[in-house]
Structure formats: C-alpha cells, structure tokens
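Have a look at the structure below before the remarks.
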Amino acid sequence: MATPATASKRPRGGSTTASDVETRGRGPRQSIMSRSAAMLVMGVFTLYFLTPIWWLLTTSTKTGGEITSTAPLWFTTNSLGTFFDNLGRLFTYGDGLFGRWLLNSAVYAGVGALIGTVIAAMCGYALAKYEFRGREAIFNVVLSGVLVPATALALPLFLIFSRVELTNTMLAVFLPSLVSPFGVYLARIYAAASVPGELLEAARLDGSGEIRTFFTVSTRLMAPALVTIFLFQFVAIWNNFFLPLIMLRDQALFPVTLGLYAWNSQISQIPELRSLVIVGALVSIVPLIIAFLALQRFWSSGLGAGSVK
Amino acid sequence: MRAHYGKVTAAFAMISALALSGCSAGGDSSEAGGEAAPCEASDGPVTLQFTTWVPGMDEVVKLWNADNPDIQVEVQTGPNGNSGTYQNFFNQIQAGNAPDLGQIEYDALPNFRVQDGLENLAGCEGVADAQDQFVDWTWGQVTFGEEDSVYAIPQDSGPMAMYYRADLFEQAGIEVPTTWEEYAAAAEKIKAEGSYITNFPKTDVNWFAGMVWQNGGQWFANDGEAWDVNLTSPESEEVATYWQDLLSNDLVSTLPSFSDEWNASFNEGQQWTWVSAVWGATTLSDGAPDTAGKWAVAPMPQWEDGGETAGNWGGSSTAVLKGSEHPAEAAKFALWLNTDPEALALANELGGLYPAAKSAADLEAFSGGVEYYGGQKIYDVFSEASAQVNPDFTWGPTMTQTYTDVSDGFGAAIGGSSTLMEALENGQQKTIDALKAQSIPVAE
C-alpha cells in the first residue's frame, strides 16, 4: 500500500513545488499518474472487500460436497439449479426457521432503528436548540456512551433484565437497541448547523407548538442526518450478535445472526448445515445492501451538505 | 459432542468470566451442595425447560410430552456448549433463571460442579438405581467419584477406534497396525507412497486427552480437598513424545480439523487412517463421500502388544441446573431421555448420539452393517471399545482454559518452535495459575 499512496501525493518525484502550484492553480485536476495510482489503491481495496462476498456468492451455488471439491471462486456447471435448491432447503429446514429469523431481524432492526432515530433526533435537537442548565453535561455523558462498547454492557443488561423477568423475550433485544449515543451526537451537530434559530422563532410567532415545529419543520431540515442515523442504527441492530446470544434461549426469537451462528456451531454434527449457513449468510446481507442502495442518495447528500456549512 | 476451541470461544469466555467475577453476589445459593438433598415430587402439573443443542431433540421430547401430561418439557436450542451456551448457563444460574435441564459435556461438568451449578440428584427416585444401566466410565463422569452423589445423567459417549482405508492398506501391502509401534512404522511407508497416515489436530486437545486416557494417564484428580493437576505424567509424556516424533519427521499432516481442506484431504485419499470417536463415522461419510465403501474400523492401536484399552473423545450428559424448582420431575425426565429405547433410537437417528446406556448395543441402528464402511458392523468395535475405557479419568474445572493454552502450545510445536511436551508443561502451569486465581485449592 505504501508505494502507491506516496505516488499519489507526489506524482512527479522531485518537482514537488511545480505540482503544488499546478494543483492550486487549476483546482482539483490531477495528473494521469496520480489518478491511476489512486485508482489502483481503490481497486485493490475493492477487490479486498469484494472477494469474500464473491466467494459467498459462488459457494452458495454449490452442494455440500462441491464446496471442497471444486474451484473455490468459480461456479459449477449446475450452479443455478443448486442455488435454488439450497435456497429451498434454507427456507424449509426446521419448519421455516430461517424465514422466522429474517423476520425477527427485520423487526428488531427496522422498528428499532425507526424509533431509535426519532429518539436520537429529538434528543440531539433539544440539545442543539434549547438552552438549559446542564446541557453540556448531558451531552458529554451521552457522548461518553459512544466510547462504551455494546458488548461490555450485555451482561449487566442481562442481570437487570433478569430482575424484571424480561430475558428471553423480544423486548430484551429490542429495548437496548433503541438508544444510540452516536445518533444523538450527529443529530445535535446537524441540527445546530441546518435548523436556523430564526426559523424556529418565526414558527413560534405563527403560533406553532414546539412539538409541531419539530415534526413539521425541523425534521425536514434534518432529513439527511436522520437517514444517516437510521442506516447506522439499522446496520448496528442487524449485526448485533452478543446481546441476543446472552438474552435469548428460544430460537423462535433469534435474529438471523445468532441463528446462523447456532447452525454454524452444529456443522460438525449436521454437515448438511454447512451449505445452509453459507446460503443463509448471503441472504442475510441482502436487506443491508438494499437499505444502503435505497437510502444512499439521501445519505451522501446529507454528509456533503453538512460539511460545506 | 465434539468441541472446537477457537479464538472466539476464548475471547468470549474471557469477557464473560471477567464480567461474572464482578457480579457474583447476585445469586443466592442457600446450600453448599455435596450431600444428597431430599428430592420430593411437586404437587400438580409442572413445566420443565430443557436447553440442548442436539438436533432433533424437540422431536424426542414430543414422545415424552405425549405420555406425560403432568410433566411437560419445553426444548430450547442454541449454539453448542463452548460456543456460548455454557456461559449462558452460568449467567442464568447467577440470575436465578436457568433452565431446569441442560446439556453439559463431560469435560465441562467439573466446572459447573466447582461453581455449584448442579443439583445433586442422588436422592431422586430411581437415579441411584440407574447406575447399572450406563457404561461404567460414563457414570464415573457424573458422580466425580463422590459418595451419595449424582450430578447428571449420562447421555452420549465417544469411545474411540481407528478408521482406516482398507483398500489402500491392501494395495500397498502394508499390515493394518495394531500397536502404536506398528502405526509409526506404517506411517513411514505411507509417507513413501506420498500420503499421510493421519492428521494431527492441534485444536482438538480433547482428542489428545483421549489418547492419554487410553494410555492410562490422568490429567486431573480430586481427593475432595484439592485438585491435582498432572498434564505431564509419564503416560502423557509417552503420548506427547510419540506424536512429536511423527510431527518432526513430517509423517502426519497438520490441517485444521473439520475444515474444508481437511475434508478434501480425506476425500482425495491423502489420509489413510483417523483415530477417532464413534460419532466420527458420519463426519467421515459426509466429508469424504467419494471414498464410500473403502473404509473399515479397527480397535485403536495399543501401547502394549495384545493390550485392550480404548480412549474416549466427547460425550455429554443431561444435568439438572441449580435453582430448578422441580428436580424430581427433571431427574425422571432425564432418566427416560437417556434410557428409553425409543428415545435413544430417535436421538441417534436425528442427532447422531451414541448413547451412554448399555442397551445401545441392542438398538437396531447399531446392530447392522454400515454401507460406507463396506458393510462392516462397525458399532460392534465401538461397543467393545466403550467397555475398555478407563472409568477413573477426571476432567478439571477449567477445561476451556486448559484446552486453549495447550492448543496454543501445540500450534507452536507444529510450527517447530516448541514441542508437544513443552506445550503440556506450559498448559500445566497455566492451569494451576487459573485454578489459584479462582481460589480453587490445588495440591502441590
């Protein structure tokens, strides 16, 4: 990595000043060499990130026996048939358990991210737009929450939930997913930059209540940030593993991550699960890809708008 | 049940152990355990929770539920023990909401015993009398040799034998080894043919323990007061030196067990033998489908000519976890689950369990020839092996840690920077340290 990175900074070896002047003078245009070097770096990284997914894709079109006996990164002659056969087995195995897990994940992540985004947005907005005693203190406490890994909180949460007899219920996974310190942080920064105080003042003069102003005016201005928060929270809940592992015993409540993990730990006893785990992993990332592609437009425009101000 | 001790497991165990030690005041343990508490039946119908990871166990339990309307059992399945379920048991015992029954492998039972996580079932109806129904050594595993104590009901076992490629041995004109000496000699001839006699599994320390077990070695002993740790006994050393020689001379491969490349190696005929447990029969037939009909099973090679000893790899029990409100009913169910012929047959069919009950030999599934093994009645070999397993072998209370440390050492030995014996010496010290850190008394 070191060589191309250096090359992209200093495209012409010794003539550093010349290139600096050129860059400053004519905007962001770059020489062919530095551009191709940058492309090379990006290409390498793209390959690095996409190879496992490619493997997942090709391997999901194989039977258990073919996984070991055929070329790992390419298809077999009967790929399509095997793929649909695998898919069929995936969704019928154990009375359609996998479909149930997907649904659970969708509920945990979808509803959790939605409510979590609303809470984070209200909290961040309040911290940005209202002056009250202890505002900075509250913000700092929330901010320090970003530093505590969710894994470290799982066991204390389990003991607390045991006291109120909520373990092994959907709420045990759902409730802790509603809070997002990072979301609060982002919402505050964004609200401060994008919701003008004058506008709120005008709304108040026109007789709009604070709640109404928030939902009708402010959330629209904050929309790009909200999409970002939603996406982050959605992915975080979807990928959450340790909390459900500790909280849940009934596999009808498992999210798809924990379900696949449980299957994977049983491969040595039921080898047919090997191909199901692989196809299942592929299917389980599809909703994430869809969510990203669908919301990507809002998201990047949001980041851009924020950074210009 | 076999277990893998990967980095994830170790990290998981560490996180949870740290967290657990910080909040051990939560649970209430009214009695110290050790003596058989009175085990009285509850009034009225009860519902029991049973956590297991054996596939198809819910189907087996349906048989029970149909006949026992007053004792209904709910099955909960999750990842296998070392992948999280044991740690969950410990957490739940602390929080007082553990399931009534749990599946626990033999090598994890002492850990639960030391942490007072098991109900003593000796006082429950029918439990003490059930001893004769189980293979001797499995009963030793659930009583820990204590008087008036039964802490779980044996479920399955993993007596070991040697799977070998009958066709390849015959073609090459090599005698099938019956002693470890002959095994090493055969290894050299097989290497000359361009293959390996077997694979040394660096992460399956419980496999290695099975080898030591066969040789009459003991890794742990408990006299009721303190634990004696003895990973480096002469028997252990003999086994370690033996495999070290094979490793140093590059006569065995060192692929990660149960991986794709490991399967492929067996499938392509690169591996001529596998000294493994009874459950390995399906591992092999699933992982190496192209070699169907070419395998056969013989007793484990012996350390002494004409010897009759076998090791064991894996196996688990059904335990009643501390805090269960219905130990009598739970014990009754556990006994049925692990002795009823119909239940055993179904558990074998769906979950691949090889029962710890002596009546296993009478089951239809174990009486016929197996096609993959050229029609050989392979379960006769395992049934004999099961009777030859030393009943006194004891597991330690921190096996996850011991496995991880020894496995790390085995990795270094395979890399050539250390030896298997050094790995055991290191594992010995680390285990003693770990016991002391948990205030478990250690005999010096």
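Given the structure is predicted, the values throughout are model-derived calculations rather than measurements. To find a chain, count down the sequence lines: A is the first, B the second, and so on, and within it residues start at 1.
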| Do A:R249 and B:T51 come within less than 4.5 Å of each other through their side chains, counting heavy atoms only? | yes
| query | Taking atom CG of A:N140 as the centre, does the number of heavy atoms from other residues, nucleotides or ligands within less than 6.0 Å exceed 12? | reply | yes
| Do B:N97 and A:F158 come close enough that some side-chain heavy atom pair is under 4.5 Å? | yes
| task | Report the residues that fulfil salt bridge (Lys or Arg N to Asp or Glu O under 4.0 Å) with B:E59, sequence neighbours left out, ordered by chain and then residue number. | result | B:K62
| task | Answer with side chain, backbone, both or neither: which region of A:F161 has an atom nearer than 4.5 Å to a non-hydrogen atom of chain B? | result | neither
| remark: dist B:T77:OG1 -> A:D250:CG (nearest 0.5 Å) comes out at 8.0 Å
| query | Taking 4.0 angstrom as the limit, do A:R274 and B:D260 come out as a salt bridge? | reply | yes
| Is the backbone of B:G78 close enough, under 3.5 Å, to the side chain of A:Y261 for a donor and an acceptor to pair up by distance? | no
For residues 232-247 of chain A, please give each side-chain donor-acceptor pair under 3.5 Å, one per line with the distance, not counting sequence neighbours.
residue : atom : partner : partner atom : Å
A:Q233  : NE2  : A:S177  : O            : 2.6
A:W238  : NE1  : A:S284  : O            : 3.1

| query | Can you name the closest pair of heavy atoms from B:P79 and A:S265 and give their distance? | reply | CA-OG, 3.4 Å
| said: So for B:Q92, is it side chain, backbone, both, or neither that comes closer than 4.5 Å to the heavy atoms of chain A? | reply: both
| Distance (rounded to the nearest 0.5 Å) between A:Q266 CD and B:N80 CG | 7.0 Å
| task | List for me each residue that meets side chain to side chain donor-acceptor pair (under 3.5 Å) alongside A:S275, sequence neighbours excluded, and say none if there are none. | result | A:R89
| task | Tell me the residues of residues 164-174 of chain A whose non-hydrogen atoms fall below 4.5 Å from those of chain B, in number order. | result | A:T167, A:N168
| task | Would you give the length of the straight line joining atom CG of A:L155 to atom CD of B:Q87, rounded to the nearest 0.5 angstrom? | result | 8.0 Å
| OH (A:Y185) with more than 12 external heavy atoms under 6.0 Å | no
